[in-house]
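The structure appears right after this line, and notes come after that.
In the text below, chain A, chain B and the rest are named by the order of the sequence lines, each starting its count at 1. All values below come from the heavy atoms of this structure, side chains included, with hydrogens, waters and symmetry mates left out.
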There are 2 protein chains.
Amino acid sequence: MGLDPVKEEQNAALHKMRKRVIESIGRNMDLYGISLSTGHLYGLLFFADKPMTLDEMGSEMKMSKTSMSTGVRTLLDLKMVNKVWEKGSRKDLYEVEYDWYQTFTDFFDIKWRKSVEANILVLRKSMDEIDKIANEYAEDPEMTDMLQKDKAKLRDAYAYYEWLDRLIDTFENGDIYKLVPKEPPAKE
Amino acid sequence: MGLDPVKEEQNAALHKMRKRVIESIGRNMDLYGISLSTGHLYGLLFFADKPMTLDEMGSEMKMSKTSMSTGVRTLLDLKMVNKVWEKGSRKDLYEVEYDWYQTFTDFFDIKWRKSVEANILVLRKSMDEIDKIANEYAEDPEMTDMLQKDKAKLRDAYAYYEWLDRLIDTFENGDIYKLVPKEPPAKE
DNA sequence: AAGAACGTACAGAAAAAACTGTACGGTATA
DNA sequence: TATACCGTACAGTTTTTTCTGTACGTTCTT
């Protein structure tokens, strides 16, 4: 995991510190829908001072190469790690994306955006359908009332998802940093 | 699930529409770390036109009351549903929180905030520790270099988490709506 | 105070997810 | 072209999560 394995053994304190951070990072990865061990893998890569191969990860994590392969792919899909090309090496190399703001943005763009858009589609379709049903049951006041209530709910949900969509836009285009700058505002 | 179960049977189209929306909502609930069936429970409550009891949920979902109990608690913890008091009824009643903006905010306040603060604490502690170790190894250039690199990483992560903390603040205090209004800006 | 109804703790069963070892297709090396 | 090595598909195993039924403590009714 470090520059020099021998050196690391020498210093238990450093090793312990890293382990604590890795665990802390890994534990919170479930927010991204990532399993604990894949979270640990991320933590490992975070401290690695050079891109790692699957074999290296496996030996560090004491896990199979297959698991490393799937774990890395999960992280790759979320753009939390990048594949690195290094001439001479036949093995694939991976390193974490150190720009965490970008990682955050990508996560929303990849995961949330997909959900949002799927829901928007379904809601649009469903509201149309309600209109159609409402036409058929125009004579039935009870049914009409129920349909109206449903439609109002869908409309609210729709508005919310559109808002969410615009919010994710601000993550992507960087407008969010106008509201919340990376540098904390100076205390007065 | 509706006002009048008989009526609903009459109209397959409405039922189908609701089912589609419920599934769509439920499917995307994994973003909140919620299981599919709890997501469906949420969808059910979303369309319910009155607060429901555990027994009613169970019969609609065709699942045990125990499962409803745990499912509701999960949703309650995330403030996605509210407990409702109705005089006369001995049973607990629940309804969804229809303010989805609030639900979004609560989610980040409950889940993300906790992670962020835990990480901030660990990072602070770890940076202090690095300083201590660095003092011991002041004579060792290689070790010093490694410690510096680690500390730089921690510092970056720390800055990111503080940013995230401030971002969540804007969700909570409503500042986010200045940047992304609930009402979409009028198209020109 | 006794009885009925409610929600949930708990233990076991069922289902889902994570993990491993083997096998195989593909690419670089010889 | 043959060989070695790499990453991953796949099937089987282990671990974790979800779900159920029973049992129990509490609260309301009588």
Side-chain angles (χ1 to χ4, degrees), chain A residues 22-23 25-45 48 50-78 80-95 111, chain B residues 22-23 25-45 48 50-78 80-95 111:
Chain A
I22 288 175
E23 301 240 320
I25 291 173
R27 201 176 314 117
N28 302 158
M29 280 280 171
D30 70 329
L31 290 180
Y32 298 96
I34 283 176
S35 74
L36 187 61
S37 62
T38 302
H40 282 170
L41 176 59
Y42 179 85
L44 172 67
L45 289 170
K50 58 174 177 37
M52 291 181 80
T53 67
L54 292 179
D55 286 312
E56 287 166 347
M57 298 175 208
S59 88
E60 283 286 346
M61 300 269 298
K62 293 187 177 81
M63 283 176 71
S64 72
K65 194 157 125 179
T66 304
S67 294
M68 297 302 100
S69 179
T70 62
V72 163
R73 177 149 46 159
T74 301
L75 295 172
L76 222 41
D77 288 344
L78 286 173
M80 288 178 165
V81 311
N82 300 311
K83 198 168 192 167
V84 176
W85 289 105
E86 199 166 289
K87 55 191 170 190
S89 174
R90 279 175 61 186
K91 304 192 181 194
D92 294 352
L93 292 162
Y94 301 95
E95 70 179 356
K111 288 272 206 169
Chain B
I22 288 175
E23 302 241 320
I25 292 174
R27 201 175 316 117
N28 301 157
M29 280 279 170
D30 70 328
L31 291 178
Y32 300 96
I34 282 176
S35 74
L36 186 61
S37 61
T38 302
H40 282 170
L41 177 59
Y42 179 86
L44 172 66
L45 289 170
K50 57 174 180 33
M52 290 182 80
T53 67
L54 292 179
D55 285 311
E56 287 167 348
M57 298 174 208
S59 88
E60 283 286 347
M61 299 270 297
K62 294 188 177 77
M63 284 178 70
S64 72
K65 195 158 126 181
T66 304
S67 294
M68 295 303 99
S69 180
T70 60
V72 162
R73 179 150 43 161
T74 301
L75 295 172
L76 223 40
D77 288 344
L78 287 173
M80 288 179 167
V81 310
N82 299 310
K83 197 168 193 166
V84 175
W85 290 105
E86 199 166 289
K87 55 191 169 189
S89 174
R90 278 174 63 187
K91 305 192 181 194
D92 294 353
L93 292 162
Y94 303 93
E95 70 178 358
K111 288 272 205 170

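- In this structure, B:Asp55 atom CG and C:dT8 atom P are separated by 12 Å, rounded to whole Å.
- The separation between A:His40 atom NE2 and C:dC19 atom P is 11 Å, rounded to whole Å.
- Looking only at side-chain heavy atoms (C-beta outward), B:Met63 and B:Leu41 stay at 4.5 Å or farther from each other.
- Taking atom CE of residue A:Met57 and atom P of nucleotide C:dC19, one finds them 15 Å apart after rounding to whole Å.
- If you find the closest nucleotide of DNA chain C to A:Leu36 and to B:Thr70, the one lying nearer the 5' end belongs to B:Thr70.
- Looking at heavy atoms from C-beta onward, A:Glu56 lies in side-chain contact with A:Lys50 at the 4.5 angstrom threshold.
- If you measure from atom CG of B:Leu75 to atom P of C:dG7, you get 16 Å, rounded to the nearest angstrom.
- Counting 5' to 3', DNA chain D first comes under 4.0 angstrom of a heavy atom of chain A and last does so at the ends given by D:dA4 to D:dC10.
- Rounded to whole angstrom, the span from the CG atom of A:Asp30 across to the P atom of C:dA17 amounts to 15 Å.
- B:Ser35 comes within 4.0 angstrom of the backbone, heavy atoms only, and of no base.
- For the pair A:Ser37 and C:dA18, the criterion of a side-chain N or O lying under 4.0 Å from OP1 or OP2 is not met.
- Residues B:Thr38 and B:Met29 have side chains not in contact (no heavy-atom distance under 4.5 Å, counting atoms from C-beta outward).
- For the pair A:Arg73 and A:Arg90, nearest-nucleotide mapping onto DNA chain D gives the more 5' position to A:Arg90.
- Residue B:Ser69 has a polar side-chain atom (N or O) positioned under 4.0 Å from OP1 or OP2 of C:dT8.
- Atom NZ of A:Lys111 is separated from atom CG of A:Leu78 by 5.5 Å, given to the nearest 0.5 angstrom.
- Rounded to the nearest 0.5 angstrom, A:Met57 CE and A:Ser67 OG are separated by 12.5 Å.
- One interatomic measurement links the two molecules: CG of B:Asp92 to C1' of C:dA5, which rounds to 12 Å at whole-angstrom precision.
- Rounded to whole angstrom, the span from the CE atom of A:Met68 across to the C1' atom of C:dA18 amounts to 11 Å.
- Atom CG in B:Leu76 sits roughly 13 Å away from atom P in C:dG7 (whole-Å rounding).
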| task | Check the pair B:Thr53 / B:Asp92 against side chain to side chain contact (heavy atoms under 4.5 Å, CB included), numbers first and verdict last. | result | CA-CA 6 Å; B:Thr53 67; B:Asp92 294 353; over 6 Å; no
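- Side-chain atoms of A:Thr66 and base atoms of C:dG21 include a donor and an acceptor less than 3.5 Å apart.
- OP1 or OP2 of C:dT20 lies within a sub-4.0 Å distance of a side-chain N or O belonging to A:Ser64.
- At least one side-chain heavy atom of B:Met80 sits under 4.5 Å from a side-chain heavy atom of B:Ile34.
- The side chain of B:Lys91 places no N or O atom within less than 4.0 Å of a non-bridging phosphate oxygen (OP1 or OP2) of C:dG7.
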